Engineer: 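I'd like to ask some things about the structure below.
Numbered from 1 within each chain, the chains take letters A, B, ... in sequence-line order. Quick caveat, the model's predicted, so the values are computed rather than measured. We use all heavy atoms of the structure for the numbers below, so side chains are in, but hydrogens, waters and symmetry mates are not.
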There are 2 protein chains.
Amino acid sequence: MADIYELLRSAGVQPTPQRLAVARYVLGTTSHPTADEVLAKARRECPTLSRATVYNTLTRLAEHGLVRPQTIREGVVVFDAHTERHHHFVDEATGKIYDVPWEALSVSGESSLREYDVRDYQVVMRGRRRKS
Amino acid sequence: MADIYELLRSAGVQPTPQRLAVARYVLGTTSHPTADEVLAKARRECPTLSRATVYNTLTRLAEHGLVRPQTIREGVVVFDAHTERHHHFVDEATGKIYDVPWEALSVSGESSLREYDVRDYQVVMRGRRRKS
DNA sequence: CACGGATTTAGACTACTTCTAAACCTGGAG
DNA sequence: CTCCAGGTTTAGAAGTAGTCTAAATCCGTG
Ligand SMILES: [Mn+2]
Ligand SMILES: [Mn+2]
Ligand SMILES: [Zn+2]
Ligand SMILES: [Zn+2]
């Protein structure tokens, strides 16, 4: 949010107008956008922005830990600005993905899986969001 | 496994040689194959089998609850013959997906998510399988 | 045998992602 | 100031997964 320019610089990503437009959008939303959604939104700030630059930038942001690609929706990768551990709820009616705080759920037993070295895990829930 | 011909018939799927070849492979493996992997393997039994028939058959098997499509690997849907609730472990080195029994883990707190009507959930773990 | 519905097929088509090679900055060396 | 080199951006081609279409095939019944 704060100073995206400084954030990129201190992460070792040279801040260009294109990268700033991509980063400003993807780091400022909780909507788990696809690359094409990032392209559309970032073009409002930087109209010449190309698809290749969006993919390049998202990959670079991911390598530097500023976003995390998620494989939750069929056929696309979505980009998550929320890089701390958390869970996800997918509304099957709308396709929207919601963050569920890590503390909201508790998973036990993963240490009993001696066959696997579990580096990371999350609970993926699917259903309908209640109209509230 | 047992009598795939009878299984399809009693599920209301007319058993054709193509569907039998697809079903015999996908229902007989625990490897979570992609559609293309099913095509390659089922062609050994039915060499004229087309890609369209594989997709049509997998969709039909899913509609009748005999397989369950899973969105776990980037870019592809994999088909899971194991239709009861269970969790998954993805080996990031090989891409292989392993089933983790429902009883191996326990998740609590999902009922506290009042905003969401959770129809289904699973834990998705990633890491390395231990060489054993 | 002829008919009609269900099934299968090849290939066209779409969507998402990666690759390529040329164009474009931009900041220092001369 | 001009030239150059690295890094960056770009359009479009290429690759890959999945869907659609329309013609051919199959098969049970009359
Ligand atoms: Mn399985
Ligand atoms: Mn794809
Ligand atoms: Zn998230
Ligand atoms: Zn499974």
Engineer: Give the residues of residues 39-67 of chain B touching DNA chain D, defined as any heavy atom closer than 4.0 Å, sorted by residue number.
Structural biologist: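 Heavy-atom cutoff 4.0 Å gives B/Ala52, B/Tyr55.
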
Engineer: Who are the salt bridge (Lys or Arg N to Asp or Glu O under 4.0 Å) partners of A/Glu6, not counting sequence neighbours?
Structural biologist: A/Arg9

Engineer: Holding to salt bridge (Lys or Arg N to Asp or Glu O under 4.0 Å), I want the full list of residues that pass it with A/Glu115, two or more places apart in sequence or in another chain.
Structural biologist: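 A/Glu115 satisfies salt bridge (Lys or Arg N to Asp or Glu O under 4.0 Å) with B/Arg129 only.
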
Engineer: Could you list the residues that satisfy salt bridge (Lys or Arg N to Asp or Glu O under 4.0 Å) with B/Glu92, not counting sequence neighbours?
Structural biologist: none

Engineer: Could you name each residue pair satisfying salt bridge (charged side-chain N to carboxylate O under 4.0 Å, His left out) that touches residues 50-66 of chain A, not counting sequence neighbours?
Structural biologist: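 Qualifying pairs: A/Asp36-A/Arg51.
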
Engineer: For the pair made of CZ in B/Arg19 and C1' in C/dT7, what is the distance, rounded to whole Å?
Structural biologist: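 After rounding, the reported distance stands at 6 Å.
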
Engineer: Starting at the 5' end of DNA chain C and moving along, which residue's nearest nucleotide shows up first, B/Thr16 or A/Arg73?
Structural biologist: B/Thr16

Engineer: Is a side-chain donor-acceptor pair under 3.5 Å present for A/Glu84 with A/His82?
Structural biologist: yes

Engineer: Please give, in whole Å, the distance from D/dT16 P to B/Glu37 CD?
Structural biologist: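 Going from CD in B/Glu37 over to P in D/dT16 covers 14 Å.
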
Engineer: What is the distance, to the nearest angstrom, from the CG atom on A/Leu8 to the C1' atom on D/dT8?
Structural biologist: 14 Å

Engineer: Between D/dG18, C/dC16, D/dT8, spot the one nearest the side chain of A/Gln14, thanks.
Structural biologist: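 Output: D/dT8.
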
Engineer: Sequence neighbours excluded, which residues qualify as salt bridge (Lys or Arg N to Asp or Glu O under 4.0 Å) partners of B/Glu74?
Structural biologist: none

Engineer: Given D/dT8, C/dT8, C/dC16, identify the nucleotide with an atom nearest to the side chain of B/Gln18.
Structural biologist: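 Per side-chain heavy atoms of B/Gln18, the pick is C/dT8.
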
